[in-house]
Amino acid sequence: MSRSIQIADLIAFALFRNYEYDDDSYFSIIKDCFDKDKNQLHGLYVLE
């Protein structure tokens, strides 16, 4: 369970840095994991 929380924290940090400070250094790593519809990001999905 603690690993899942840590992953959620890292995703939240990447989103925060991207939208608050316009820093996509972390978001660029995970941006392709978000669901898209006509260039609109909807949600994060996980490939298992």
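Everything numeric here is computed off the predicted structure, so don't read it as measured data.
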Handout entry: Whether over 12 other heavy atoms sit under 6.0 Å from D9 CG
Key = yes
Exercise for the section: Hydrophobic side-chain clustering at under 4.5 Å (ILVMFWY, transitive links): who's grouped with F13? Put none if nobody. Expected result: Y26
Completion exercise
Rounding to 0.5 Å, atoms CG (N18) and NZ (K31) come to a distance of 9.0 Å
Practice task
Consider only side-chain heavy atoms of I, L, V, M, F, W and Y, link residues closer than 4.5 Å, and tell whether I7 and L15 are in one cluster.
Solution key: yes
Problem - Hphob cluster co-occupancy, I30 + Y19, side-chain heavy atoms under 4.5 angstrom - result: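 Looking at the clustering, Y19 is in the same group as I30.
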